[in-house]
Amino acid sequence: SGVTPGDNFDVCLDLGQNFMTGSGTHGGTDFRLRQRQNTAVKLLGYTGGAFDTAAVTSYVQSKLGGAPTGVATTDAGEGFTGGASCP
């Protein structure tokens, strides 16, 4: 989210358990969430801090089931937020 300087919008994700563990190409990770610029990434049910990338990674792993590997990064904006529904 927010790949171009000046981006200012929100993304909402409702993650489920239909996920293939070990899907990363050439031994890469299964997922990578990146929040950039002045954007917000809303994760339904997430209760951690906006810039706590370890909590975001753990949350995503718990939602996807199995043993997915991954990482979350943030650099500015509103970071990662929680909520009960997407607009």
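Here the structure is a predicted model, which is why all the values come from computation and not from measurement. Starting from 1, each residue takes its place in the sequence as its number.
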Within residues 46-87 or reaching into it, pairs that qualify as disulfide bond (SG atoms under 2.5 Å apart) - sequence neighbours excluded:
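Those involving residues 46-87 are Cys12-Cys86.
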Which residue pairs pass the disulfide bond (SG atoms under 2.5 Å apart) test when at least one of the two sits in residues 33-65, sequence neighbours left out?
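Sorted pair list comes back empty.
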Looking only at atom types and distance, does a side-chain atom of Lys42 sit under 3.5 Å from a main-chain N or O of Ser85, one as donor and one as acceptor?
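Looks like yes, one N/O pair under 3.5 Å.
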Please list all pairs meeting ring-ring contact (aromatic ring centres under 6.0 Å, His included) that have one or both residues in residues 63-87, counting only residues at least two apart or in different chains.
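Pairs touching residues 63-87 that pass the test: none.
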Thr39 versus Val11: any side-chain heavy-atom pair under 4.5 Å?
no
If you define the side chain from C-beta out and look only at heavy atoms, does anything of Leu43 sit under 4.5 Å from Leu33?
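Yes, close enough: below the 4.5 Å cut-off.
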Side-chain polar contacts of residues 45-58 - donor-acceptor pairs under 3.5 angstrom, sequence neighbours left out - could you list them?
{"from": "Tyr46", "atom 1": "OH", "to": "Gly49", "atom 2": "N", "distance (Å)": "3.3"}
{"from": "Tyr46", "atom 1": "OH", "to": "Gly49", "atom 2": "O", "distance (Å)": "2.7"}
{"from": "Asp52", "atom 1": "OD1", "to": "Ala54", "atom 2": "N", "distance (Å)": "3.4"}
{"from": "Asp52", "atom 1": "OD1", "to": "Ala55", "atom 2": "N", "distance (Å)": "3.1"}
{"from": "Thr57", "atom 1": "OG1", "to": "Thr53", "atom 2": "O", "distance (Å)": "2.9"}
{"from": "Thr57", "atom 1": "OG1", "to": "Ala72", "atom 2": "N", "distance (Å)": "3.2"}

What about Leu15 and Phe31, same hydrophobic cluster or not, with Ile/Leu/Val/Met/Phe/Trp/Tyr joined at side-chain heavy-atom distances under 4.5 Å?
yes
Can you pull the side chain to side chain donor-acceptor pair (under 3.5 Å) pairs that have at least one residue in residues 70-80, sequence neighbours excluded?
Gln35-Thr74, Arg36-Thr73
